[in-house]
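Remember, it's 1-based here, ligands and their atoms both numbered in the order they're listed.
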Amino acid sequence: MARSTGISDRLPKQPADHRYRAVLLLGAPGSGKGTQGGILKNIPGFFHFSMGDALRNIDIHSPLGKVFYDYTSRGELVPDEYVIKFWAMTLDAHATLGDFKPLADLLVLDGIPRTLNQAKIMEKYIDVLKVIHLVCRDEKVMFERLRRRALKENRVDDADEKVIRRRLKVYEESTKPVLDNYPGDKVTEVESQGSPARVVFDILKVLSPIQDQHYTGVAG
Ligand code: AMP
């Protein structure tokens, strides 16, 4: 039974033919999603949405903030029912406020969907044009990135080695299978070791042709 969190039980009505055009950034914790998302969000025509950031912005003393902290501090995924409703609500608010312009912007989703169930539910709302799978094959590099971020951003989930290990396991078990939800030609693997400039260059090689097809010049 869901706890009362103050978020609406109803998903916003997004007609199937008005789905948001989206690309997904998918990768294990420490694969560099945050760094790349931070670069992409500064490029006109992209609207970057990080689910982790959105959840971290919730007041930790609010009912929903407590639910989030309860899961995230253990390295577990927040249940789909909360995440999807909060995602849809927050994105709707960005569209209403006008910082996300669905007709002009390509939505770059970072950290969502993270389960197959989320991906299925979201099909009603988004048209996934491309999936960027960020891959870092060196676990030591991933751990180091997470530890540095824990210190810089005061993140409880990345400060504890046990929680990091749990996050990596959850990624392998629940999030990696999301890749199989999309046809192979939509998924591009990008090696995330190396300089942020080289990685973003590889990502943009994939995304800029998509943006060329859709960019209206009215973004930003
Ligand atoms: P991130 O900053 O993307 O690594 O996310 C931090 C934490 O937020 C994750 O370990 C989860 O506890 C939670 N979280 C973020 N996105 C999702 C999602 N799509 N589904 C469930 N939990 C999420």
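Under 4.0 Å is where a charged nitrogen must lie from a carboxylate oxygen, and between R198 and E191 no such pair does. The existence of a salt bridge linking D127 and R21 is excluded, since no basic side-chain nitrogen approaches an acidic carboxylate oxygen closer than 4.0 Å.
Scanning V78, T72, V163 for the heavy atom closest to atom 7 (C) of ligand 1 points to T72. Compare Q118, R114, M122 by their heavy atoms: the one nearest to atom 5 (O) of ligand 1 is in R114.
Checking only distances, D53 never comes within under 3.5 Å of ligand 1, N or O to N or O. At a 3.5 angstrom cut-off on N or O pairs, L55 does not count as close to ligand 1. Ligand 1 has no N or O atom lying under 3.5 Å from any N or O atom of D110, backbone or side chain. Residue-to-ligand polar distances keep Y71 apart from ligand 1: every N/O pair is separated by 3.5 Å or more. Ligand 1 has no nitrogen or oxygen under 3.5 angstrom from a nitrogen or oxygen of V83.
Close approach of ligand 1 to R167 is summarised as follows: ligand atoms under 4.0 Å from at least one heavy atom of the residue are 4 (O), 6 (C), 9 (C), 10 (O). Listed by number with element, the atoms of ligand 1 under 4.0 Å from a non-hydrogen atom of I112 are 19 (N). Close approach of ligand 1 to E76 (heavy-atom distance below 4.0 Å) involves ligand atoms 11 (C), 12 (O). When each atom of ligand 1 is checked for a heavy atom of M51 under 4.0 Å away, the hits are 16 (N), 17 (C), 19 (N).
Using a 4.5 Å cut-off between side-chain heavy atoms of Ile, Leu, Val, Met, Phe, Trp and Tyr, V141 forms no hydrophobic cluster with any other residue.
No more than 12 heavy atoms of other residues, nucleotides or ligands shown are found within 6.0 angstrom of NZ on K176.
Under the 3.5 Å distance criterion, with hydrogens and angles disregarded, a donor-acceptor pair is assigned to the side chains of E123 and N181.
At least one heavy atom of F68 sits less than 4.0 Å from an atom of ligand 1.
Looking at D70, its side chain never comes within 3.5 Å of a backbone N or O of K66 through a donor-acceptor pair. Of the possible polar contacts, none joining the D53 side chain to the F49 backbone as a donor-acceptor pair under 3.5 Å is found.
When the side chains of ILVMFWY residues are joined at heavy-atom separations under 4.5 Å, either directly or via intervening members, I39 and L25 end up in a single hydrophobic cluster.
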